[in-house]
Amino acid sequence: MDDGSAIGALRKVPVEFAGVSLSYGRTQVLTGVSIAIEPGEFFALLGPSGSGKSTLLRLLAGFLDPGAGKIRVGGEDVTRVPPWHRDIGMVFQNYALWPHMTVRGNVAFGLVERRLPRAEIERRVAAALELVGLGEFGERRPGQLSGGQQQRVALARTIAIEPKVLLLDEPLSNLDAKLRIHMRSELLALQRKLGITTIFVTHDQEEALSIADRVAVLDQGVIQQVGTPVELYDAPANRFIATFVGTINLFPGTIVGAGEGPAFRSEVLGEIPLKADAAGTGGAEIAVRPHALKLAAAGASPAPGVIWLPGAVTEREFLGEFVRYRVSVRGVSLIVDQAHYAGDAGYAPGTEVAVGIDPAQVKLLPGSPAPRRARSPS
Ligand code: ADP
């Protein structure tokens with residue numbers, strides 16, 4: 001049995017947060033959170049520690065009541081429905097397995113509590129263990145399993161109750177780095193097999209980008225952007241997203257509408273033409289990914305259509321697939337990533353270089369506060 005059919009008919013349902021706010025005493029933790037999650041979507045809640053991700057998950061599970069707003073599952077308002085009537089399965093960060101019970105006993109636990117007939121319990125436990133690839137491990141105890149296997153038991157236990165929605169709280173954070181990357185693809189494959197609407201919390205942007213269909217990014221309890229991984233990376237809605245998702249160089253400056261079309265003027269970059277639809281005037285910021293910057297030996301004949309700035313390499317970090325340079329341009333330190341090919345010597349610190357910026361690769365970010373010098377996150 002290698003498909004999800006034995007685990008009941010899992011229905012794909014939409015999940016919606018509509019204007020949800022919550023405070024603990026006088027501390028506002030979530031403010032006007034609205035997210036519409038599609039049926040069957042693998043959806044990530046991403047944000048720094050303390051941004052309110054777990055609180056959102058707990059609200060959806062029914063462990064907390066929102067101060068304002070509504071939560072809908074399958075189109076039905078569940079805001080006041082107690083957790084045990086919501087049909088939502090949650091896998092906790094620490095797996096919460098019973099150490100004295102066998103794997104089979106752990107997976108059966110929720111079903112026994114629900115007083116399902118014995119034959120039905122046996123069928124579901126076998127199907128859930130098969131689904132997570134632990135068909136042969138039913139008699140072991142959690143202590144006799146690896147971290148990755150324990151996590152699969154926790155998943156099997158939740159899947160066995162045939163929830164409408166699956167919630168995963170930092171599902172990979174307890175695993176070591178290598179296993180974490182391996183389990184990403186396993187988790188994705190399992191989610192696809194089940195087809196169940198799945199929402200997972202993570203503070204790891206790489207994890208969210210690599211497996212989620214869409215991601216909601218939270219900061220201080222406010223949604224900053226909801227989008228596909230590519231949308232977040234290529235079209236960050238604001239400075240927070242630009243710096244939180246991936247590495248980026250930021251250049252403060254001013255939008256000027258003169259001449260043939262809008263342009264961006266900055267102390268470091270000089271003047272860069274903007275796409276004709278670039279809105280507004282005044283203070284703004286330009287964001288450029290490190291790998292979108294080019295590097296050439298000083299004095300080399302420059303590629304057309306690219307703006308070249310003179311600089312000097314200050315640091316060189318060899319990372320295998322690519323080399324990360326720090327290049328000082330007009331007193332500002334930029335991060336420049338260049339692909340590495342065998343035999344490529346690169347540029348040693350101290351080398352005079354030219355940094356190329358392709359105007360097609362820059363992203364204009366709205367409203368920069370006071371003009372300040374370009375900043376690169378360290
Ligand atoms: P995240 O999951 O993004 O790390 P949380 O949702 O756990 O964030 O927490 C959001 C904010 O709510 C944090 O500032 C946290 O300190 C606060 N918080 C969480 N639980 C409680 C609680 N029971 N009482 C008071 N403050 C809390």
Side-chain angles (χ1 to χ4, degrees), residues 14-17 20 30-57 60 167-173 180-181 184-185 187-188 191-192 197-252 274-275 277-279 284-293 322 324 335 337 357-368 375-378:
V15 170
E16 193 188 352
F17 294 94
V20 169
L30 293 170
T31 310
V33 171
S34 294
I35 314 174
I37 297 163
E38 303 287 333
E41 214 173 7
F42 198 11
F43 195 93
L45 297 173
L46 172 69
S49 178
S51 57
K53 309 176 295 289
S54 306
T55 301
L56 263 183
L57 220 57
L60 180 52
L167 307 184
L168 310 170
D169 191 5
E170 297 272 3
L172 304 176
S173 63
R180 203 177 309 150
I181 292 175
R184 275 185 202 161
S185 43
L187 204 53
L188 178 60
Q191 196 273 341
R192 291 294 189 250
T197 308
T198 305
I199 302 166
F200 74 101
V201 157
T202 182
H203 64 274
D204 179 343
Q205 46 108 359
E206 199 179 287
E207 194 170 293
L209 298 192
S210 65
I211 54 177
D213 294 316
R214 283 192 309 147
V215 183
V217 188
L218 277 157
D219 183 37
Q220 295 179 38
V222 178
I223 296 282
Q224 301 295 316
Q225 189 169 4
V226 179
T228 64
V230 173
E231 283 165 356
L232 296 179
Y233 192 81
D234 283 355
N238 56 36
R239 180 173 227 274
F240 176 82
I241 299 286
T243 52
F244 188 71
V245 178
T247 305
I248 207 143
N249 295 292
L250 293 174
F251 303 92
L274 294 174
K275 292 190 189 90
D277 59 357
E285 260 177 321
I286 264 188
V288 194
R289 297 287 176 196
H291 65 265
L293 292 170
F322 66 94
R324 172 156 291 183
I335 302 174
D337 291 345
I357 299 176
D358 178 354
Q361 292 292 324
V362 307
K363 167 74 190 158
L364 186 69
L365 296 176
S368 124
R375 234 193 49 168
S376 308
S378 48

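- Counting heavy atoms from C-beta on, the side chains of I335 and R324 come closer than 4.5 Å.
- The closest side-chain heavy-atom distance from F42 to T197 is not below 4.5 Å.
- Between I286 and L274, the closest side-chain pair of non-hydrogen atoms falls below 4.5 Å.
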Evaluate the side-chain contact (heavy atoms from CB on, under 4.5 Å) criterion for residues V226 and V215: first the C-alpha distance (whole Å), next the side-chain angles of each, then the deciding distance (0.1 Å), finally the verdict.
CA-CA 6 Å; V226 179; V215 183; over 6 Å; no
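- Closest non-hydrogen pair, P229 versus D213, comes out as CD-O, 3.4 Å.
- Scanning both residues, L250 and R239, for their nearest heavy atoms gives CD1-NH2, 3.5 Å.
- Side chains of F200 and L45 form no contact here, defined as non-hydrogen atoms less than 4.5 Å apart.
- Geometrically, R289 engages Y233 in a cation-pi contact, judged by NZ or CZ lying under 6.0 Å from the ring centre and within 45° of the ring axis.
- I241 contributes atom CD1, which lies 12.0 Å from atom CD of E231 (distance to the nearest 0.5 angstrom).
- At distances below 3.5 Å, at least one donor-acceptor pair connects side-chain atoms of Q225 with backbone N or O atoms of A237.
- When all heavy atoms of E38 and E41 are compared, the closest pair comes out as N-OE1, 2.8 Å.
- Nearest heavy atom pair, residue L57 against residue L168, reads CD2-O, 3.8 Å.
- With contacts defined as side-chain heavy-atom distances shorter than 4.5 Å, the pair S34/V20 does not qualify.
- Nearest heavy atom pair, residue I248 against residue A242, reads CG2-O, 3.4 Å.
- Between the Q205 side chain and the G246 main chain, a donor and an acceptor come within less than 3.5 Å of each other.
- Distance check, rounded to the nearest 0.5 Å: CD of Q220 to CG of L30 gives 12.0 Å.
- D204 contributes atom CG, which lies 8.0 Å from atom CG of L46 (distance to the nearest 0.5 angstrom).
- Atom CG of N249 is separated from atom CD of E285 by 11.5 Å, given to the nearest 0.5 angstrom.
- Nearest heavy atom pair, residue A284 against residue L365, reads CB-O, 3.5 Å.
- The distance from atom CG of L167 to atom OG1 of T198, rounded to the nearest 0.5 Å, is 8.5 Å.
- Proximity of a side-chain donor or acceptor of K363 to a complementary backbone N or O of A235 within less than 3.5 Å is not detected.
- In this structure, CD on E206 lies 6.0 Å from CD1 on I181, to the nearest 0.5 angstrom.
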Side chain to side chain donor-acceptor pair (under 3.5 Å) between N238 and Q224, worked out
CA-CA 8 Å; N238 56 36; Q224 301 295 316; 3.0 Å; yes
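- The shortest side-chain heavy-atom distance between V15 and L60 falls under the 4.5 Å cut-off.
- Side-chain contact between P48 and F240 is present, with at least one heavy-atom pair separated by less than 4.5 Å.
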Carefully, step by step, assess H203 and S49 under the rule side-chain contact (heavy atoms from CB on, under 4.5 Å).
CA-CA 7 Å; H203 64 274; S49 178; 5.8 Å; no
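- Put simply, the side chain of D169 reaches to within 4.5 Å of the side chain of S54, judged on heavy atoms.
- Surrounding CD of E16 are more than 12 heavy atoms belonging to other residues, nucleotides or ligands, all under 6.0 Å away.
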